[in-house]
Amino acid sequence: MNDKPMTLEEQSAYEYDKAPESIGSYLQKADIQEKTVVDFGCGWGGESLWLKHHGAAKVIGIDVDEESLAQARVFSKGEVEFTSNIASIEDESVDCIFSTNVFEHVMNIPEILDHLHRILKPNGTIVSSFGPLFYSPYGCHFYWAHLYPFSHLIFGRDWLVHRIDNIRGFESNTNSWEDMGLNRITYDEFSREIQKRFDVKELNAIPVAGLPFVTKIPILKQFLTFGCEMHVSKAA
Ligand SMILES: C[S@@+](CC[C@H](N)C(=O)[O-])C[C@H]1O[C@@H](n2cnc3c(N)ncnc32)[C@H](O)[C@@H]1O
């Protein structure tokens, strides 16, 4: 485990290197050869570039973080388009949308899912997996802060901020979990929003490692669901 956050350059390279196991695994579910593909929540663009190098005709990386996009543009050297404005993408212009580790950070889920539905061609697909969800053991995401499971839920946000500020050596300027990029959505809430809009081929709760059966107990489900994997499509 790293002791400190990565630099922007390291983030792009890390994303490119992890792509075969993360976004690359989606190629078993959706063919991207000569297709227009969106990498939604592309971050530092490493996975977007990997998709362009593996057969997509056109890749559009979407992210709300302009600093990440600036780094993504440098890294991809013009091979990928990037935008922070999903509204600028034309209706029914995209064959497939891939997204890794993003939906637990998206604040306006219904509005964003409406846009993703709008830009997809009929029969177009979304393949995504994401986590950790907020209520899971490390749902605050600060892996490098050497936390105990659920410590963000047990000790709360002020305690966590104090700890990460001490490690980073500067003060966080946040007042809420949302300011920290965590929407706190549960698997069931997300799943309901998906089913309102898309045809579901696959929509699964990913259990916390080694605990697949415990997620079937309703009261424990949200605490022991690591994340979500899905493959959905827009009706023809
Ligand atoms: C954990 S990073 C994942 C980056 C990359 N997909 C990866 O797996 O390495 C989550 C990304 O989602 C982006 N994000 C959050 N809300 C978003 C939104 N509404 N639209 C697009 N991107 C968003 C964040 O800015 C951040 O870059």
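Values below: all heavy atoms of this structure, side chains included; hydrogens, waters and symmetry mates excluded. Just follow the structure's listing: the first ligand is 1, and inside any ligand the first atom is 1. Note that the structure is a prediction, hence the values are computed from the model and not measured.
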Report every pair formed by an N or O atom of ligand 1 and a protein N or O atom separated by less than 3.5 Å, giving atom names and the distance to 0.1 Å.
{"residue": "ligand 1", "atom": "6 (N)", "partner": "G41", "partner atom": "O", "Å": "2.8"}
{"residue": "ligand 1", "atom": "6 (N)", "partner": "T100", "partner atom": "O", "Å": "2.9"}
{"residue": "ligand 1", "atom": "6 (N)", "partner": "T100", "partner atom": "OG1", "Å": "3.2"}
{"residue": "ligand 1", "atom": "8 (O)", "partner": "K18", "partner atom": "NZ", "Å": "2.9"}
{"residue": "ligand 1", "atom": "8 (O)", "partner": "E47", "partner atom": "OE1", "Å": "3.4"}
{"residue": "ligand 1", "atom": "8 (O)", "partner": "T100", "partner atom": "O", "Å": "3.2"}
{"residue": "ligand 1", "atom": "8 (O)", "partner": "T100", "partner atom": "OG1", "Å": "2.7"}
{"residue": "ligand 1", "atom": "9 (O)", "partner": "E15", "partner atom": "OE2", "Å": "2.9"}
{"residue": "ligand 1", "atom": "9 (O)", "partner": "K18", "partner atom": "NZ", "Å": "3.3"}
{"residue": "ligand 1", "atom": "25 (O)", "partner": "D63", "partner atom": "OD1", "Å": "2.6"}
{"residue": "ligand 1", "atom": "27 (O)", "partner": "D63", "partner atom": "OD1", "Å": "3.3"}
{"residue": "ligand 1", "atom": "27 (O)", "partner": "D63", "partner atom": "OD2", "Å": "2.7"}

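- For the residue pair S12 / Q71, a side-chain donor-acceptor distance below 3.5 Å is found, with atom types taken as modelled.
- The hydrophobic cluster containing V64, built from Ile/Leu/Val/Met/Phe/Trp/Tyr side-chain heavy atoms closer than 4.5 Å, comprises no other residue.
- The aromatic rings of F134 and W177 sit perpendicular, their planes meeting at an angle over 60°, well past the 30° parallel limit.
- Checked for salt-bridge contact, K196 and E193 meet the test: a charged N lies under 4.0 Å from a carboxylate O.
- Listed by chain and number, the hydrophobic cluster partners of Y26 are Y16, I23, L27, I32, V37, L49, W50, L51, V59, L69, F75, V80, F82, F98, V127, where partners are ILVMFWY side chains within reach of under 4.5 Å, directly or through others.
- Every pair passing salt bridge (charged side-chain N to carboxylate O under 4.0 Å, His left out) that includes a residue from residues 92-118 is listed here, sequence neighbours excluded: D91-R118, E92-K234, D95-K121, D114-R197.
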